[in-house]
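Input: a single structure, listed below in structure tokens.
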Amino acid sequence: MGPISLATQNLYAESVNPQWVRLLDLLGMNVRYQRCEGCELYAEDGTRYLDFLSGYCVHNTGHNHPYIVEALKQELDRSGPAMLQSHVPELAGELAQRLCALAGGGLTRTFFCSSGSEGVEAAIKFSRAATRRDGLLFCEGAFHGLTCGALSLMDNPFWSEGFGPMLAGTKAIPFNDLTALEEQLKTRKYAAFFVEPVQSEAGIRVASPEYLREAQRLCQRYGTLLVLDEVQTGMCRTGRFLAAHHFGVNPDIVVLAKALSGGLVPVGAVLMKEEIYDAVYSKLQRAIVHTSTFSENGLAMRAGLATLDVLEEENLGERATRLGERLRASLTAALGQYEMFAGTPGLGLLSGIEFRAPSKLTLRLSLQAFGAIHPAMFGQVLVMRLFREQKILTQMCGNNFMVLKTAPPLVADETTLNTFVEAAERVVSEMHSSTAFWTEPLLVARRAVNIS
Ligand SMILES: Cc1ncc(COP(=O)(O)O)c(C=O)c1O
């Protein structure tokens, strides 16, 4: 297969999402990639970009890991049963066993699906069936996915406006607030409390050490299931197989997706306690009461097994812990002198660079001018500069435009991290000293707003 032609890109704009193409063009980020390996993305013109986004934590094992690619090739070559819908998919059993063993904490059953949102939807249904309650609690700032059920567990109207009505009986409470949690749990109307151990899109907000443990105790007390959304934090991203393991907490349900299949095949997995699973598949007549056509498919299961091999053999959890701590220390050392730098929250290799409004008048006015055009503008300019000038791919957090997400593949080496720190310092320095950092994008944005 040859390189992707411009004509093919035009087909995308014509028949898929023209606004996405416009946005990438506007940001100067519409690059055609030819080859992606580990942390490196090679564009058609030979430029090398470093990936510090990892497809929103999909590429924990790096792009196109050769071991996972080979496992998939072998799976295709064996011409085995795929999605017959009337056999026992053995690979699913093998993957479920390994996932449950790694998760521990009495999670012994797995429902497979094809995305994080679908996993959250399953967790909603399973928790309702198991508790015979219908209320659902979640945290402010959460991101659980964009299907209607998952979206009902998010409070940022940007994502839900125009798509309602959402599920009834859901309630947002502040993250890390046990008083608010208990106040709601006391009503005994909630089937489940959904929470991310690290709220990635809210700005890499890490749960306080006692929060999840105490949340588990309170949930047990009031008969509500604790559902951990580990779609981003799972699969060694934070240094442990599950972020839950940092907090010594045993959730009733864990949702995994993203990195589970090495970034190559869509997959999700909902791990849970046996009695929850049995409440759904309670008798023979209900053997297929909750299913999904692509779940348990051979390619996804094979990729999942190979991904676990890589995570274990390359010790990527330990690496994430070690490199994550080093990265945050280096960023703090390099950026601490700048007024708009507010810190680097994070756990393992899921980190953020947090910015704050400056007190210096000229900077403050510039930031306000960006905000008047679009709340995301400051972040997008930062992302654009890192990409265009420093050749580093990043994004801002989806629900917090003042935090730059910093999540390289876990196979990143120290040189790659140092390159990122130096690049971030150059851009942040420019932000504090160069008027062009602020004036040029303002001109572009005003033009774009006027013609949209
Ligand atoms: C924490 C979390 N949960 C759920 C989802 C939804 O996953 P998907 O996009 O695979 O449906 C995401 C996606 O970014 C996520 O970050």
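Small disclaimer: the values here were computed from a predicted structure and weren't measured. Every number for a ligand or one of its atoms is a count from 1 in the order of the listing.
- Atoms of ligand 1 lying under 4.0 Å from any heavy atom of E196, numbered from 1 in the order shown and given with element: 1 (C).
- Screening R133, Q184, K171 against Y190 for a side-chain hydrogen bond (donor to acceptor under 3.5 Å, both in side chains) leaves a single residue, Q184.
- At least one N or O atom of K258 sits closer than 3.5 Å to an N or O atom of ligand 1.
- Among pairs with a residue in residues 251-263, those fulfilling side-chain hydrogen bond (donor to acceptor under 3.5 Å, both in side chains) read D252-K273, at least two apart in sequence or across chains.
- Classification of the F194-H144 ring pair by plane angle, with boundaries at 30° and 60°, yields perpendicular.
- At a 3.5 angstrom cut-off on N or O pairs, E201 does not count as close to ligand 1.
- Distance alone, capped at 3.5 Å, places no donor-acceptor pair between the E314 side chain and the V411 backbone.
- The closest non-hydrogen atom to atom 4 (C) of ligand 1, taken over Q199, E118, H144, comes from H144.
- Residue-ligand proximity, S115 to ligand 1, at heavy-atom distances under 4.0 Å covers atoms 10 (O), 11 (O).
- Close approach to G116 involves these atoms of ligand 1, each under 4.0 Å from a residue heavy atom: 6 (C), 7 (O), 8 (P), 10 (O), 11 (O).
- Side-chain atoms of Y277 and E275 form no donor-acceptor pair, as typed in the model, at a separation below 3.5 Å.
- In this structure, atom 3 (N) of ligand 1 lies nearest to the protein heavy atom D229 OD2, 2.7 Å.
- Contacts between S117 and ligand 1 below 4.0 angstrom, taking non-hydrogen atoms only, involve backbone and side chain alike.
- Contact annotation: for F143 versus ligand 1, heavy atoms closer than 4.0 Å belong to both the backbone and the side chain.
- Taking only nitrogen or oxygen atoms, main chain and side chain alike, Q232 reaches within less than 3.5 Å of ligand 1.
- Using modelled atom types, one finds no donor on one side chain facing an acceptor on the other under 3.5 Å when comparing Y12 with N17.
- The closest donor-acceptor contact from the side chain of E196 to the backbone of F143 lies under 3.5 Å.
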